[in-house]
Amino acid sequence: MPGLRIFVYLIVVLMLLPVLITFPVALTAVSRISFPPVGLSPRWFLAILGDSALLNAIVRSFWLAIVSALVAIAIALPCAFVVQRGRFPGRNLIETWITSPRMIPQIVLALALLAYFESVRLAESFLGLVIAHLVIIIPFAFRTLLVSVATMDRRLEWSSDVLGATPTQTFIRVMVPQLKTGLIAAFIFAFILSFNNVTLALFLSGFGQRTLPVEMFQRMNVAGMTPVIPAISFVLAMIGVVLFVILDRTVGVYRFLAGRD
Amino acid sequence: MPDASGAARRAENFVRSHPTLAALLLLLPLFLLMIAFFVAPLLQLLNLSMLAQQPTAQNPAPPHTVATYARILGDSFYLQVTGNSILVGFCTTVTTLLVAYPVAYYITRISGWERTLISVACLLPLFVNVIVGILGWYILLLPNGVIQQVLAALGLVDGPLQWLRTLPALVAVLTYEHIPFAVLILVSSLQAIPLDKINAARLLGASVPRIVFTLILPLTMPGLVASAILVFSLSASSYLAPMLISAQRIRVLPPMIFSYGTELLNWPLAAALAFVLLVVVVAITYAFSALMNRLSNRGRWEMV
């Protein structure tokens, strides 16, 4: 299939090119976007460290993603157990209900929350952002954890129980080790979804507290963009590649993302 | 930890004696979150879309009306914008599937470093912020940008061309954004085809196109339908690429919703447009999946 192979590699180049192009563009010595770069200098990579608005946005996005991902897992894990192990009618209905936020265009949800947060006094607050992110990332964390719970061996729990372990011991020593990869996968997945989200944050983050994607968007869209944006883009892309390789080597990307169906 | 384990033991007994109640308790946090921050905001938005005017401090409860919807449906401008959204979603879905299907097929036929390389390339937009990809495309597509320089060096194009702000550019960037979703679904769908079926067809002397069209395509139809639905609903409602690549030159619903909602502060109109988008996306994806179900039921005999 030489034709197919050429086609696939053409697509690979087209998929990598927009990410890789940010590197030479960021290496320019002048303050406008151009290719090929005018002169070579690392000044725009160093400029990230001196840009307090950008650094604040990075820190805010990071905490937002950590908190959202942890809370999402804490809420979604019990639900995954109930849906996977419960023996009662309406389980499918509950599953559909939990994953339903995925069916709504995010921009609709963002507008709804914008208006709603005004009336419940969560407008432009960090808590509001966390809640909004929870609504959209819980369905994905739930699906990943559901797969993980389904592959657990219940006989191990029964043995542990018969051998006299307390429920707490059984949970920590028998269940958590089996869930470990699923928990890591769900955490990374939720973290990425939250860290990369633009639409919700664009509507909901206040003027002085933009998240990183919103800060980047605003500079690209409104203010004149300097090569500091391609520089931070390239850094983000490299972090993305590292996360990808870690996931692929530990859980396997296809298995791990299969939970999103 | 006598107390903790005692509490855990009591919890265990409680779960044993009241399984349904325990299940409900475990679902409760998510239930409350969904009611308070998913159902309630959407209902409020629906209510907002039927108000005669923006609520203000002087007039907190304007009368209800369907005039906003009537205005949208009666105005050729808004219908044009809605049509553009559908068109952009449709074109993106078609190009995404045309690219992702062969790539997914190729991924299932290889292993080792080649598989990792192609997977990284095709799934990267999931791991890296969308903004990064859009910025890259923006630089690539600029007049006299990288692609035009290469093509000019080959003597294929001449002079700076305005590619940004066009429909093909917008569709290309949206395709880039959504290829990972389609590849993921299609890879798992293609991997589920039992190899002995393909081998049997090959042994019986079927040609490659025949195997593809009568065996592989029908067996992966559910995956194709699922990815088409996902890609359509995501791309028809995407906001960033229309803002940054076509810069409102091709008017679609999401930037309009944003600008009425946050800049012009006309919430009733923004809310009504949001519901138009929601209904259009849900109706089209639902109709499409119903149609494909009927078609594949009719073709079931061939698949047994």
Side-chain angles (χ1 to χ4, degrees), chain A residues 4-5 7-8 11-12 15-19 21-22 25 33 35 75 78-79 81-82 86 88 94 98 101 103-108 111-116 131 134-135 138 166-168 192 196 198-199 203 213 216-217 220-221 229-230 233 236-237 240-241 243-244 248 253-254 257-258 260, chain B residues 4-5 8-9 11-12 20 23 26-27 29-30 33 37-38 40-42 44-45 48 99 102-103 106 116 118-124 127-133 135-137 139-140 145-146 176 179 184 187-188 233 237 239-240 243-244 254 257-258 261-262 267 270-271 274 277-278 281:
Chain A
L4 178 62
R5 188 169 193 167
F7 175 78
V8 170
I11 297 301
V12 167
M15 296 299 288
L16 293 178
L17 206 54
V19 170
I21 198 76
T22 54
V25 169
I33 305 284
F35 187 91
I75 293 181
C79 300
F81 270 100
V82 170
F88 50 91
I94 291 178
I98 293 176
M103 310 294 158
I104 303 283
Q106 250 182 46
I107 192 146
V108 177
L111 181 71
L113 286 173
L114 174 73
Y116 187 71
I131 290 172
L134 284 179
V135 173
I138 281 178
T166 63
T168 323
I192 291 170
N196 287 345
V198 198
T199 308
F203 277 79
M216 291 169 69
F217 172 79
M220 283 168 72
N221 194 38
I229 297 300
S233 294
L236 288 180
V241 171
L243 280 181
F244 183 98
D248 200 34
V253 159
Y254 291 99
L257 291 170
R260 70 184 309 157
Chain B
S5 91
R9 184 65 75 184
E12 175 93 358
T20 314
L26 288 173
L27 291 172
L30 183 59
L33 183 85
F37 296 105
F38 182 64
L42 287 175
Q44 195 202 25
L45 192 71
L48 205 52
V99 170
V103 171
Y106 192 76
T116 307
I118 297 174
S119 304
V120 169
C122 294
L123 301 180
L124 202 56
F127 287 79
V128 181
N129 204 309
V130 191
I131 295 247
V132 175
L135 171 70
W137 277 108
I139 296 169
L140 290 172
V146 184
Y176 165 83
I179 277 177
L184 272 179
V187 163
S188 70
S233 55
S237 53
Y239 167 80
L240 290 171
M243 282 302 283
L244 296 170
I257 295 170
F258 181 78
T262 65
W267 282 359
L277 176 69
L278 181 63
V281 167

Relative to chain B, which of A:Gly240, A:Ser233, A:Cys79, A:Pro230 shows the most heavy atom pairs under 4.5 Å? A:Ser233
Distance col, row B:Leu240:CG vs A:Asn221:CG, nearest 0.5 angstrom, shows 9.0 Å
Verify side-chain contact (heavy atoms from CB on, under 4.5 Å) between B:Leu244 and A:Phe217, making sure each step is shown before the conclusion. CA-CA 8 Å; B:Leu244 296 170; A:Phe217 172 79; 3.7 Å; yes
Bottom line for A:Ile104: the part with an atom under 4.5 Å from chain B's heavy atoms is both
Chain B contact via A:Val12 - side chain, backbone, both or neither, heavy atoms under 4.5 Å: both
Determine, step by step, whether B:Tyr239 and A:Phe203 satisfy the side-chain contact (heavy atoms from CB on, under 4.5 Å) criterion, reporting the C-alpha distance in whole Å, the side-chain angles of both residues, the deciding distance to 0.1 Å, and the verdict. CA-CA 12 Å; B:Tyr239 167 80; A:Phe203 277 79; 5.8 Å; no
Quick check on the interface: out of B:Val103, B:Thr116, B:Leu140, who has the most heavy-atom pairs with chain A under 4.5 Å? B:Leu140
Quick check: do A:Leu236 and B:Ile131 have side-chain heavy atoms less than 4.5 Å from each other? no
Engaged part of A:Phe7 at the chain B interface, taking heavy atoms whose separation is under 4.5 Å: side chain
Partner chain A: residue of B:Val281, B:Leu124, B:Val130 with the largest heavy-atom pair count (under 4.5 Å): B:Leu124
Between B:Ala274 and A:Leu111, what is the shortest heavy-atom contact and its length? CB-CD2, 4.0 Å
If you count heavy-atom pairs under 4.5 Å with chain A, which of B:Leu30, B:Leu26, B:Ile118, B:Asn129 comes out on top? B:Asn129
As an exercise: rank A:Leu243, A:Thr22, A:Leu114 by heavy-atom pairs under 4.5 Å with chain B and give me the winner. A:Leu114
Which atoms of B:Ser233 come close to chain A, meaning under 4.5 Å heavy atom to heavy atom: side chain ones, backbone ones, both, or neither? neither
Minimum heavy-atom separation for B:Ser237 and A:Ile107, please, with both atom names. O-CG2, 4.1 Å
Heavy-atom contact with chain A under 4.5 Å, split by part of B:Val99: both
Can you say whether B:Leu27 sits under 4.5 Å from chain A via the side chain, the backbone, both, or neither, judging by heavy atoms? both
Chain A contacts, top residue of B:Val120, B:Leu33, B:Leu48 (heavy-atom pairs, under 4.5 Å): B:Val120
Ranked by heavy-atom pairs below 4.5 Å to chain B, first place among A:Leu134, A:Val25, A:Val198, A:Ile138 goes to A:Val198
With a 4.5 Å cut-off on heavy-atom pairs, point out which of B:Ala40, B:Pro29, B:Gly133 contacts chain A the most. B:Ala40
How far apart are the closest heavy atoms of B:Phe37 and A:Val135, and which atoms are they? O-CG2, 3.7 Å
If you tally heavy-atom pairs under 4.5 Å between each of B:Pro41, B:Gly136, B:Pro254 and chain A, the highest tally belongs to B:Pro41
Select one option (side chain, backbone, both, neither) describing which atoms of A:Leu16 are under 4.5 Å from chain B's heavy atoms. side chain
Closest non-hydrogen atom pair between A:Met15 and B:Tyr176, with its separation: O-CE1, 3.3 Å
Between CH2 on residue B:Trp137 and CG on residue A:Leu17, distance to nearest 0.5 Å: 7.0 Å
For the residue pair B:Phe127 and A:Phe244, does the interplanar ring angle fall in the parallel (under 30°), tilted (30 to 60°) or perpendicular (over 60°) class? perpendicular
Closest non-hydrogen atom pair between A:Asn196 and B:Val128, with its separation: ND2-C, 3.7 Å
Considering all heavy atoms of both residues, which atom of A:Ala112 and which atom of B:Leu42 are nearest to each other, and what is their separation? CB-CD2, 4.0 Å
Examine whether an atom of B:Leu135 lies under 4.5 Å from a heavy atom of chain A, and if so say whether it belongs to the side chain, the backbone or both; otherwise answer neither. both
